There are 2 protein chains.
Amino acid sequence: MHTVHEAPLTRSVEDYLKVIYHLSSQGGFAATSDIAAMLEVAPPSVSGMVKRLSETGLIEHVPYRGVQLTQQGRRAALKMIRRHRILETYLTQQLGYDWGGVHEEAERLEHAVSDRLIERMAGALGEPRYDPHGAPIPTAAGEIEETELLSLAEAPVGADLELREVGTQDPARLSYFAEQGLVPGARLTVTDRQPFNGPTTVRLESAGVRVVGRELAQALRCLAAAR
Amino acid sequence: MHTVHEAPLTRSVEDYLKVIYHLSSQGGFAATSDIAAMLEVAPPSVSGMVKRLSETGLIEHVPYRGVQLTQQGRRAALKMIRRHRILETYLTQQLGYDWGGVHEEAERLEHAVSDRLIERMAGALGEPRYDPHGAPIPTAAGEIEETELLSLAEAPVGADLELREVGTQDPARLSYFAEQGLVPGARLTVTDRQPFNGPTTVRLESAGVRVVGRELAQALRCLAAAR
DNA sequence: AGTGTGAGTTAGTTTAATCTAAATCAGATC
DNA sequence: GATCTGATTTAGATTAAACTAACTCACACT
Ligand SMILES: [Mn+2]
Ligand SMILES: [Mn+2]
Ligand SMILES: [Mn+2]
Ligand SMILES: [Mn+2]
């Protein structure tokens with residue numbers, strides 16, 4: 001089990017790997033333009049980086065089709081995702097950050113912390129399994145829980161659901177969700193959906209009725225509630 | 001009090017400013033070769049950076065003599081030193097780091113944290129005034145305590161002293177100091193000094209006698225003890 | 001005053017990461 | 001099957017930060 005040389009990755013490389021992980025997690029290829037959009041860089045910048053990453057063996061590139069992570073790349077991506085989510089959890093629970101402001105801070109810190117620090121934070125938190133947005137935290141060994149979740153926008157009327165994960169990192173949306181009681185763990189029943197991409201209406205178990213437009217509903221990822 | 005543009009500083013620039021601060025804190029100029037040695041880069045790298053920093057107005061360069069910080073540069077340096085020392089204190093007090101391992105971690109984190117995070121950490125610690133090595137922490141406003149300290153290597157025999165600051169960041173030396181009880185706050189009396197740069201012998205108020213070689217004694221900075 | 005030496009600077013190269021402009025590809029449409 | 005179009009790649013430039021090799025300066029010593 002001797003790991004070879006392992007040149008340290010740059011901040012840029014680490015961010016590319018995370019984005020490629022997210023874009024290809026449903027099995028497909030990550031497209032150049034999608035990577036560019038998520039990282040807010042120009043497409044040629046991505047082409048350049050893609051060449052270097054595939055020479056290093058972190059990704060597989062099929063020209064004009066897209067990229068996928070190799071085993072090595074996936075390992076590195078999951079390590080960064082663990083760092084990011086442990087940091088978000090720590091900042092929220094120990095330093096009073098709210099779940100809107102935490103992403104930006106973690107986005108920078110994830111590249112600067114040592115493994116040691118992350119494990120100390122995880123220890124102080126009692127090895128948390130989910131971040132403040134409900135996203136699963138990969139283990140130090142690189143395993144991640146993969147639960148099929150259903151977005152609220154496509155849940156059938158009548159379904160009893162548990163909100164598990166809030167899939168946005170926009171502070172404004174997050175603070176709106178929080179004030180609506182739409183947070184991970186919330187129990188709800190879908191009572192109505194309007195046609196033509198219209199809003200979904202839900203009844204929250206511990207609060208009132210909420211009408212959620214399609215765009216926001218897509219970010220709310222749920223699981224059939226245990227009853 | 002409107003601050004102009006303020007382009008964000010790079011990691012490199014921030015480290016240069018800190019080093020220049022330390023090298024010129026006794027009033028003089030920081031020499032190119034000293035900067036190079038402390039940052040572990042080649043002298044021409046320093047010359048190049050010096051040109052850029054003086055164009056930006058962060059330092060004043062007198063060719064062949066050295067550099068000094070401008071007001072703006074000093075402000076930026078003190079901000080980094082605050083970050084570094086708050087981080088060291090936080091890692092030590094909240095996350096179980098020992099005072100040997102903490103410097104390296106802070107050296108990277110100081111460039112990634114936000115002002116907000118630093119102030120949260122400082123708040124959680126009760127606005128600490130000294131870091132784990134006894135070094136004063138600049139305030140958020142950029143003020144730093146400047147106490148004249150006497151190195152143990154030059155303290156007269158017979159002096160009653162309080163050890164205030166341990167001026168090294170080498171983990172091996174730090175752990176040796178800790179096991180000898182030579183930590184900030186320790187009270188001691190100088191009982192002997194051998195000639196020709198020989199060792200200093202001290203009696204620790206709450207422990208026994210210690211013989212300290214010249215090199216280590218120079219790192220122990222003391223103040224005449226209040227009695 | 002002349003000279004030697006070490007410190008400092010200049011010149012030129014390298015690598016990572018970005019950009020814009022231009023060329024090319026692949027798949028959809030006619 | 002030819003053509004259009006948007007996505008992708010290539011080409012070439014820029015900036016930060018480092019390096020080595022070569023040159024130059026300041027100053028101490030003779
Ligand atoms: Mn990041
Ligand atoms: Mn998150
Ligand atoms: Mn640093
Ligand atoms: Mn310190």
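By convention in this document, chain letters (A, B, ...) are assigned in the order of the sequence lines, proteins followed by strands, and residues within each chain are numbered from 1. Quick caveat: nothing in here was measured; it's all calculated off a predicted structure.
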Spacing between [X] atom [atom1] and [N] atom [atom2], to the nearest angstrom:
X: Tyr64(B); N: dT9(C); atom1: OH; atom2: C1'; answer: 5 Å
X: Glu55(B); N: dA17(D); atom1: CD; atom2: P; answer: 13 Å
X: Leu9(B); N: dA16(D); atom1: CG; atom2: P; answer: 12 Å
X: Leu39(B); N: dA16(D); atom1: CG; atom2: C1'; answer: 15 Å
X: Ile35(B); N: dA18(D); atom1: CD1; atom2: P; answer: 12 Å
X: Leu53(B); N: dT9(C); atom1: CG; atom2: P; answer: 13 Å
X: Arg65(B); N: dG8(C); atom1: CZ; atom2: P; answer: 12 Å

Does the side chain of His61(A) get closer than 4.0 angstrom to OP1 or OP2 of dT8(D) through an N or O atom?
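No, because none of the side-chain N or O atoms of His61(A) sits under 4.0 Å from OP1 or OP2 of dT8(D).
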
For dG8(C), does either OP1 or OP2 sit under 4.0 Å from a side-chain N or O belonging to Ser33(B)?
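So the side-chain polar atoms of Ser33(B) do come within 4.0 Å of the phosphate oxygens OP1 or OP2 of dG8(C), strictly under.
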
What distance do Leu117(A) atom CG and Leu87(A) atom CG have between them, rounded to the nearest 0.5 Å?
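Rounded to the nearest 0.5 Å, the CG-CG separation comes to 7.5 Å.
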
Could you run down nucleotides 11-18 of chain C 5' to 3' and tag each one B, S or - for protein heavy-atom contact under 4.0 Å?
-----SSS

Can the positive tip of Arg116(B) be found less than 6.0 Å from the middle of the six-membered ring of Tyr97(A), inside 45° of the ring normal?
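Yes, cation above the ring, under 6.0 Å and within 45°.
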
State, yes or no, whether a side-chain contact exists between His111(B) and Met80(B) at a heavy-atom distance under 4.5 Å.
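Result yes, sub-4.5 Å side-chain heavy-atom pair found.
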
Are side-chain heavy atoms of Leu17(B) and Ile59(B) found at a separation under 4.5 Å?
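With C-beta onward as the side chain, the pair touches.
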
Would you indicate what Ser47(B) reaches in the nucleic acid, counting non-hydrogen atoms under 4.0 angstrom: base, sugar-phosphate, or nothing?
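Answer is base: heavy atoms of Ser47(B) come under 4.0 Å of a base.
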
With a 3.5 Å cut-off and no angle check, do the side chains of Glu105(A) and Ser114(B) form a donor-acceptor pair?
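There is such a pair (donor and acceptor under 3.5 Å, judged by atom type) between the side chains of Glu105(A) and Ser114(B).
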
Test item: side-chain donor near acceptor, Tyr130(A) and Glu145(A), under 3.5 Å:
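Yes, a side-chain donor-acceptor pair sits under 3.5 Å.
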
